[in-house]
Amino acid sequence: MKTTSRTGSSNIPLANDRRNTRAIVLTSHPGNDAARLLPIAWGAGAAQARGPVVGTLHNPGGRNAIGTHAGAYSLYRALAVAAGQLNAEHRPDLTNTAPAVPIGPFPQWSDPDRIVSMDPWGHMTGQAFGAQLAQGWDIRPTIAVTKAHINMPEILAAIRAGRLQPDGDVLSANGDARVTKVAIEPVWWLPGVARRFGISTTDLRRGLFEQTGGMFPELVTRPDLDVFLPPIGGMTVYLFGDPTTLGRPETKIACRVHDECNGSDVFGSDICTCRPYLAHGVEVCIETAQAGGVGVIVYNRKEGRALGEVTKFLVYNARKRQEGGDRAESYFLRTECVAGVNDMRFQELMPDVLHWLGIARIDRLVSMSNMKYAPIVASGIDVVERVPIPDALIPADASVEMDAKKAAGYFTDSVPEADELKRAKGRGLEE
Ligand SMILES: Nc1nc2c(ncn2[C@@H]2O[C@H](COP(=O)(O)OP(=O)(O)OP(=O)(O)O)[C@@H](O)[C@H]2O)c(=O)[nH]1
Ligand SMILES: [Zn+2]
């Protein structure tokens, strides 16, 4: 490759020569200074006692975690560096990037087993670890908190139908809703993740090592490093109402925890209920915020029940081509045939973000999924009411999915009869 080529508008001086001559330093064996000088005491009550997570790539001895920040994008970063567009030594200038609204600390942050899949101090790195930053440690935020206005056609329709009333604050007459939005990257404390699933840390680390094709040797060679920045998508939280009232027992909370479905969420595909239920969740959140509470939408990047979109589309074909047509009875089976399981979302980790927000009770949980409800309750959060999707919002082609979920134990008072499940209700491939 020609190392002098440069594209894009970056003015960062290139380190091409260094890029090609820098020694490769293996991080797979102990002797690591950061792990000794900045140990992480996961779940310690105060930031200084807990210590910062350091995933820098500049100094292999300056790390106390496995993996890299924004792990899901690390290969794009590798391309940018290899192509000479990004200086591998670049350190972010974090001026003015601090949270737009303070969140926490909450008592839940100081229980090591309560939050194991994100860093509760991840948005407060500048504030909490100023001393270490001043010493030159490369400490980066894993959470960013900002503010926005969002506008969804379903919310405008709810205003027109008289279900929502604009108040000029939470909701404007043009359908704009004011939100605080939070982007969260995963940070796994491996002993806690293993305990959540009732497996040994050794088995977890071995599984992670093998299933990533040996991408992170430290998983097996560095038992002194307990924190892993996994190369997977994180989540986004949308908060409606005043987030500074979170953590107070009197604050009413509405919540939808939603898993990504690009086809429906973004493109409006009618094969499932994802976007309609998400929009209904936003409506309930706005109502709750207008009554003085906080509405919480958690959007997890777990496309196709964490099986991925290719698997999902393969399954759609299999469902629609099978003898007897697309029907609820074989809905999960068709997924299992392709993926080996019908779901890999591991909702056991999902309540972490709710504890990070200081939530101890959800007044209105906008979900019918027992796979979400059970871990939320088991993690110590009370759920007062479960809000099903209104029947009128279920798209025509989604009735196969809805019947299958209800038959599999979805929260409902209308479990479909066996005959219903056998009946082809979904469209064929050419319809
Ligand atoms: N693999 C696969 N995934 C699907 C299919 N239909 C929907 N999904 C995925 O299933 C997930 C649906 O998640 P949610 O909208 O949170 O719904 P849920 O888990 O059924 O629970 P509720 O909260 O009651 O809606 C998303 O990740 C979708 O991408 C399908 O046919 N195959
Ligand atoms: Zn969907």
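Just follow the structure's listing: the first ligand is 1, and inside any ligand the first atom is 1.
- The ring-ring contact (aromatic ring centres under 6.0 Å, His included) check on Phe197 picks up Phe346, with sequence neighbours excluded.
- Across every non-hydrogen atom of Ser117 and Leu349, the tightest pair is OG-O, 3.6 Å.
- Of all the atoms in ligand 1, the ones that sit under 4.0 Å from a non-hydrogen atom of Tyr277 are 22 (P), 24 (O), 25 (O).
- Heavy-atom separations between Val315 and ligand 1 are all 4.0 Å or longer.
- We find that Asp352 and Arg114 are not joined by a salt bridge, their nearest charged nitrogen and carboxylate oxygen being 4.0 Å or further apart.
- A distance of 8.0 Å separates CH2 of Trp109 from CD1 of Ile103, quoted to the nearest 0.5 Å.
- What sits closest to atom 20 (O) of ligand 1 on the protein, heavy atoms only, is Lys405 NZ, 2.6 Å.
- At a 4.0 Å heavy-atom cut-off, ligand 1 touches Asp259 through backbone and side chain alike.
- Atom CE of Met402 and atom CE of Met368 lie 5.0 Å apart (nearest 0.5 Å).
- Within the model, atoms CG of Leu239 and OG1 of Thr244 stand 11.0 Å from one another, a figure rounded to the nearest 0.5 Å.
- Near Lys302, meaning under 4.0 Å from one of its heavy atoms, ligand 1 places the atoms 27 (O).
- The nearest pair of heavy atoms linking Cys261 to Lys312 is SG-NZ, 3.0 Å.
- A salt bridge links Arg140 with Asp138: the distance from a Lys NZ or Arg NE/NH1/NH2 to an Asp or Glu carboxylate oxygen falls below 4.0 Å.
- The ligand atoms of ligand 1 that sit less than 4.0 angstrom from a heavy atom of Arg319 are 31 (O).
- Among protein heavy atoms, atom 9 (C) of ligand 1 sits closest to Arg305 N, 3.5 Å.
- Ordered by chain and number, Cys261 SG, Cys272 SG, Cys274 SG make up the set of protein N, O or S atoms under 2.8 Å of the Zn ion (ligand 2).
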_Derivation of the salt bridge (Lys or Arg N to Asp or Glu O under 4.0 Å) call for Arg361 and Asp363_ = CA-CA 6 Å; Arg361 187 195 65 244; Asp363 297 276; 2.9 Å; yes
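- Selection from Arg345, Lys372, Met368 by nearest heavy atom to atom 11 (C) of ligand 1 gives Arg345.
- What sits closest to atom 1 (N) of ligand 1 on the protein, heavy atoms only, is Gly304 O, 3.2 Å.
- Salt bridge status for Glu287 with Arg364: present, with a side-chain N to carboxylate O gap under 4.0 Å.
- Of all the atoms in ligand 1, the ones that sit under 4.0 Å from a non-hydrogen atom of Ser367 are 22 (P), 23 (O), 24 (O).
- Distance from atom 22 (P) of ligand 1 to its nearest protein heavy atom, with residue and atom name: Tyr410 OH, 3.0 Å.
- The closest protein non-hydrogen atom to atom 32 (N) of ligand 1 is Lys312 CG, 3.8 Å.
- Taking each of His258, Glu303, Arg256 in turn, the one with a heavy atom nearest to atom 25 (O) of ligand 1 proves to be Arg256.
- Distance from atom 7 (C) of ligand 1 to its nearest protein heavy atom, with residue and atom name: Glu401 OE1, 3.4 Å.
- Remark: ligand 1 and Glu260 share an N or O pair separated by less than 3.5 Å (distance only, no angle test).
- Residues Arg345 and Asp259 are paired through a salt bridge, judged by an N-O separation under 4.0 Å between the basic side chain and the carboxylate.
- How far CH2 of Trp188 is from CZ of Phe228: 7.0 Å, rounded to the nearest 0.5 Å.
- The two atoms that bring Thr212 and Phe209 nearest to each other are OG1-O, 3.1 Å, heavy atoms only.
- For the pair Arg386 and Tyr373, the cation-pi test (distance below 6.0 Å, angle within 45°) is passed.
- Each of the following atoms of ligand 1 lies closer than 4.0 Å to a heavy atom of Cys261: 28 (C), 29 (O).
- Of all atoms in ligand 1, listed by their number and element, those nearer than 4.0 Å to a heavy atom of Leu307 are 1 (N).
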